[in-house]
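Here is the naming used below: chain letters follow the sequence lines, and residue numbers restart at 1 for every chain. Side chains included, hydrogens not; waters and symmetry mates left out as well; all remaining heavy atoms used.
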2 protein chains.
Amino acid sequence: MSLAHAIMTAVLDDELTGYELAKRFDTSLGFFWQASHQQIYRELKALSQKNYLTSRAISQQKRPDKTVYRLTPEGHEYLRAWVHESTKPRLAKDELFIKLYNLSEENVADLMEEVRERREHVQRNLSLYYRIRNKNYPNFSSLSTRMQGVALVLDAGIRDAESIIEWCDCTLERLCQVKGQ
Amino acid sequence: MSLAHAIMTAVLDDELTGYELAKRFDTSLGFFWQASHQQIYRELKALSQKNYLTSRAISQQKRPDKTVYRLTPEGHEYLRAWVHESTKPRLAKDELFIKLYNLSEENVADLMEEVRERREHVQRNLSLYYRIRNKNYPNFSSLSTRMQGVALVLDAGIRDAESIIEWCDCTLERLCQVKGQ
DNA sequence: CCCAACTATGCAACAAATTGCATAATGAGT
DNA sequence: ACTCATTATGCAATTTGTTGCATAGTTGGG
């Protein structure tokens, strides 16, 4: 259900296409929500039928035609009311940790490589978050209330990424000792 | 698919019932995987049919009868091979951050309460992780390789929880200022 | 010039997860 | 005495998410 809320929140300020939404769920929004383009297009259609979103077709010459979506007043009110409802605990699933539970001399090299890849991936996200913060949220106090909320989420993403990178470095050192018997 | 791997990993050392597994997915394992008891019982049945787990019925007088599951050699081999396969990126979904994107003077009090609850929840988990570490993994170097892997995951859980608590404290201060205009 | 990646959308089949319900005994607290 | 939480398992319906496929022009690199 909350994919709907995430999408509606994403189009609070911007008019966006399904394609652009998919990219955001893969980058900035990806810190706290993920969705495939198939899911997004399905949900956009459902939300339009419920009258929470309106769509507008845009013809393009050099690119395929596209449809941009924006929040309706009904959608805005629905979202406003939803914020007051009880919040589900965060959901996290990470295969890497299941695999680490199975650590052995036989697989330690593979797992080190996985941790290295995880570090790189998180480092890329962190760089992106820094860029977004420097560009759009340089001074917290000067932001509008809504943008302060966004900045707080960005801060969570940055802290999360930094802490994971530290763990990766520490873990790689320890796995290196396991590898060398 | 990976619920299967998580369950098989959980019964690597211990014989467990579906009920006990459900409790673990709600506490220690919950850091990196969650599953309802309905999901778990279904998966246990499927894994038994595939011959990756064997079950043993235990009659009880004061409590309902129960069934304990353990890993078969086939299950062990399957798990061993799976560790070498490519790992999917972590999946995280958190409604709290969607709600923070919608921060306003109207909802700031509710959101502060949500952040406080999140802090308490994470603090409870952190205390549990500390207890587990002090009890079972006090000295990293003296552990078996497999247990070192478990200790590394525990370390990730501790770092994660500590960093979230810091964010909650910082966020509560900032939200307090928003509340007071 | 060819191949890959990007832009842009969507259907259909399938797998995974959630929600609601059901049973049934024991122990702990008010 | 009554109520609530705990132990212990499971079915059925629905919702959500994944995987595979399909189309089709543009842009960039080697």
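Between the OH atom in B/Y69 and the OG1 atom in B/T17 there is a gap of 9.0 Å [rounded to 0.5 Å]. Atom CG of A/L128 and atom CZ of A/F31 lie 12.5 Å apart (nearest 0.5 Å).
Distance, B/K88 NZ to C/dA15 C1': 10 Å, rounded to whole Å. B/R42 places its CZ atom 9 Å from the P atom of C/dA16, with the value rounded to the nearest Å. Atom pair B/F25:CZ and C/dA17:P shows a separation of 10 Å (rounding to whole Å applied). Rounded to an integer number of Å, the gap from B/I7 CD1 to C/dA17 C1' is 13 Å. The CG-C1' distance, from A/D26 to C/dC6, rounds to 14 Å in whole Å. When the C1' atom of D/dA22 is taken as reference, atom CD of A/Q38 falls 11 Å away, rounded to whole Å. Atom OH of A/Y19 is separated from atom P of D/dT26 by 16 Å (rounded to the nearest Å). Going from atom NE2 of B/H37 over to atom P of C/dT23 covers 15 Å, rounded to whole Å.
In this model, the phosphate group of C/dA17 is approached by a side-chain N or O of A/K93 to a distance below 4.0 Å at OP1 or OP2. In this structure, A/T67 does not reach the C/dA8 phosphate: none of its side-chain N or O atoms is under 4.0 Å from OP1 or OP2. For the OP1/OP2 pair of C/dT19 and a distance below 4.0 Å, the side-chain nitrogens and oxygens of B/S36 include no atom meeting the criterion.
In this structure, of D/dG20, C/dC21, C/dA17, it is C/dA17 that holds the atom nearest to the side chain of B/Q39. Each of C/dG20, D/dT27, C/dA16 was ranked by its minimum atom distance to the side chain of A/K62; first place goes to D/dT27. Considering only side-chain atoms of B/Y41, the nucleotide from C/dA13, D/dG10, C/dT9 that sits closest is D/dG10. Counting only heavy atoms from C-beta on, B/R63 has its side chain closest to D/dT6 among D/dT19, D/dT6, D/dA13.
Within a 6.0 Å sphere centred on CD of B/Q60, heavy atoms belonging to other residues, nucleotides or ligands number more than 12.
Residue A/L91 is classed as a sugar-phosphate contact, given heavy-atom separations below 4.0 Å to backbone atoms only. Note on B/Q60: only backbone sugar-phosphate atoms sit closer than 4.0 angstrom, heavy atoms only; bases stay farther off.
Closest-nucleotide positions on DNA chain D for B/K45 and A/P64 were compared, and the one nearer the 5' end corresponds to B/K45. For A/Q34 and B/Y69, each mapped to the nucleotide of DNA chain D holding its nearest heavy atom, the one lying further toward the 5' end belongs to B/Y69.
Judged by distance alone with a 3.5 Å cut-off, no donor-acceptor contact links the side chain of A/E43 to the base of D/dG17.
Of all heavy-atom pairs between B/R24 and B/L16, the closest is NH2-CD2, 3.7 Å.
Here the side chains of A/Q148 and B/L175 are not in contact, with every heavy-atom distance at 4.5 Å or above.
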